[in-house]
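As structure tokens, the structure follows; a few thoughts come after it.
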Amino acid sequence: MNERKLKAWVDGGVIDAEAAARIRTWEAAHARPLALWAVIGIGALAIGLGIVLVVAANWDDIPAMVRLGIHLALVAAALGLAWWQGDRLRDRNPWIEEGLLFVIGALGLSFFAHLGQAYQTTSPLWQPLLTWLALLGPLLLLRGQSWLTALALMLAMGGAAISYASGGYDTLDGRWSGPSPDEVAIVTSLPLLAAGLGALLRLSPGREVMGLRIEQLGMIYAVGMASLMAIGIYGWGSGSDGGDPDYGAGPLGLRAAVLLAGAAIVFLVHRAASGKAAAAVLAGAAAIVLLSGPAEGQTAFAAILFIALWAGVAAASIHGGWRATFQVAVAMVALRLIVLSFEFDDDLLGSGLGLIASGVMILGVAWAAVVIARRYAPPREASA
């Protein structure tokens, strides 16, 4: 309990002394012995590491089928516990079920690595990630509630897409090969649909929280991709001949189309202010993606695109009530202005003058942000 802040509230007339006393009593009754839990956690960690070391010391002596059988049995036991006691665990403490889901996901993903190690198989990363998503993704999506679960799903989707787009070495001739630019554009755009998936998931009773988190992570992926394209990073991987891919109007149009599809789903399904703001961000990202082609090699134009993207995010944040996102958007604009000062000048004098000019512009951006936030920003983060 922060006694200094509590005393400041009493002195400022926010609460009276009786309310402060009730707060102290409640906090004392609900205090968590963090030090004790830390000691318990350290002990559990030591036991776990000891078990790992004992198994590692005898790893080669254990037949592969035995190791894989035990691993698969652990996965089955965890799934059985989730099916049999999942609702009871959630009623008792939602974090217990979240922890169980995390264990299931970790055991399932590590099983594929164990399988490859046992039989010396080689496969690109996207194949086990895609298999993991197909087998365990629905369970995590329909039972999970935490940011950890949502982030695991989004990382798996993004990781699988990027791994496929990156290509790999041909096992026959040893040459590096990868998908075409159109395939790269399609595959790396598929995680953008997570925003629409999250909006649809929010229509299911009890899935509103998870749907919101998936929607937000999909939007983060979209803004991140548009930001990379605004600064000239068009995609991952290379052409089938090992050279740099030609990301022309076709791949850019494919990405923009997927972004607009996600924006339409969010706008139609999520009718609250935050949903409209999210749809606007996705549509704005689509426009930036289309314009990123002509901006290639144009330093000033590329900077304008990047700043326009994050200025749009800031405006949508005001409408949607995302105070933290608004602050991040302002910071990104300020950072881009600093980078821009170095892009135009190579000598110390020019860089110094550029930094001074950037500093003045950043102060102007900060002043405008404070004025806008005070006038239009809601008192707290909206969750609708």
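The basis for the numbers below is simple: all heavy atoms, side chains too, and nothing from hydrogens, waters or symmetry mates. The shown structure was predicted, so the numbers you read here are calculated from the model rather than taken from an experiment.
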Would you say that Ile15 contacts Ile23 through its side chain, given a criterion of any heavy-atom pair below 4.5 Å between the two side chains? yes
CG of Leu135 to CG of Leu109, rounded to nearest 0.5 Å, is 11.5 Å
Using every non-hydrogen atom in the two residues, find where Gly275 and Glu215 come nearest and quote the distance to one decimal. CA-OE2, 4.5 Å
So which atom in Ala185 and which in Pro251 form the shortest heavy-atom distance, rounded to 0.1 Å? CB-O, 3.5 Å
Show, in sequence, the C-alpha distance, side-chain angles and deciding distance for Leu68 and Phe111, and conclude whether the side chain to side chain contact (heavy atoms under 4.5 Å, CB included) test is met. CA-CA 8 Å; Leu68 290 172; Phe111 178 79; 4.0 Å; yes
Test item: Ser146 side-chain N/O and Thr149 main-chain N/O as donor-acceptor pair under 3.5 Å: yes
State whether the side chain of Arg271 and the backbone N or O of Phe267 hold a donor-acceptor pair below 3.5 Å, judged by distance alone. yes
Are Leu252 and Leu228 connected in the hydrophobic side-chain network, where two residues link if heavy atoms are under 4.5 Å apart? yes
To the nearest 0.5 Å, what is the distance between CH2 on Trp322 and CE on Met219? 4.0 Å
State yes or no: do Leu335 and Val328 share one hydrophobic cluster built from I, L, V, M, F, W and Y residues joined by side-chain heavy-atom distances below 4.5 Å, directly or via other members? no
What one should report as the nearest heavy-atom pair of Leu125 and Ser163 is CB-OG, 3.3 Å
Straight-line distance of Leu282 CG to Leu260 CG, nearest 0.5 Å: 9.0 Å
Check the side chains of Ser227 and Trp310 for a donor-acceptor pair under 3.5 angstrom, ignoring hydrogens and angles. yes
When you look at Val10 and Asp16, which way does the side chain to side chain contact (heavy atoms under 4.5 Å, CB included) test go after all the steps? CA-CA 6 Å; Val10 174; Asp16 55 26; over 6 Å; no
Does the distance from a Lys or Arg side-chain N to an Asp or Glu carboxylate O, for Arg143 and Asp87, drop under 4.0 Å? yes
Note, Ile288 side chain near Met229 side chain (heavy atom, < 4.5 Å): no
Main chain of Lys276, side chain of His270: is a donor-acceptor contact present, judged purely on distance under 3.5 Å? no
Are Glu183 and Tyr164 side-chain neighbours, meaning at least one heavy-atom pair lies under 4.5 Å? yes
Do other residues, nucleotides or ligands put more than 12 heavy atoms under 6.0 Å from Phe112 CZ? yes
Quick check for you: to the nearest 0.5 Å, what is the distance between Trp83 atom CH2 and Leu139 atom CG? 13.5 Å
Please report the C-alpha distance between His71 and Leu107 in whole Å, then the side-chain angles of each, then the deciding distance to 0.1 Å, and finally whether the side chain to side chain contact (heavy atoms under 4.5 Å, CB included) criterion is met. CA-CA 8 Å; His71 197 151; Leu107 285 172; 4.1 Å; yes
Answer whether the closest heavy-atom distance between the side chains of Leu141 and Ile214 falls below 4.5 Å. yes
May I ask you to decide if Thr325's main-chain N or O and Gln327's side chain share a donor-acceptor pair within less than 3.5 Å? no
Side chains of Tyr221 and Thr188, heavy atoms from C-beta outward: is any pair under 4.5 Å? yes
Identify the heavy atoms of Ala285 and Ala222 that sit nearest to each other, and give their distance. CB-O, 4.3 Å
Quick one, Val66 and Ile70 - any side-chain contact, counting heavy atoms below 4.5 Å? yes
Is Trp147 close to Leu217 at the side-chain level, that is, under 4.5 Å between some pair of heavy atoms? yes
Point-to-point distance, once rounded to the nearest 0.5 Å, from CG of Leu115 to CZ of Arg67: 10.5 Å
In the structure I gave you, are the side-chain heavy atoms of Met225 and Leu192 within less than 4.5 Å of one another anywhere? yes
Rounding to 0.5 Å, atoms CZ (Arg207) and CE (Met210) come to a distance of 6.5 Å
Please check if the side chain of Trp132 supplies one atom and the backbone of Gly105 the other of a donor-acceptor pair under 3.5 Å. yes
So, the side chain of Ser292 versus the backbone of Val289: is there a donor-acceptor pair under 3.5 Å, distance only? yes
Contact summary for Ala82 and Ile104, nearest pair of heavy atoms: CB-CD1, 3.9 Å
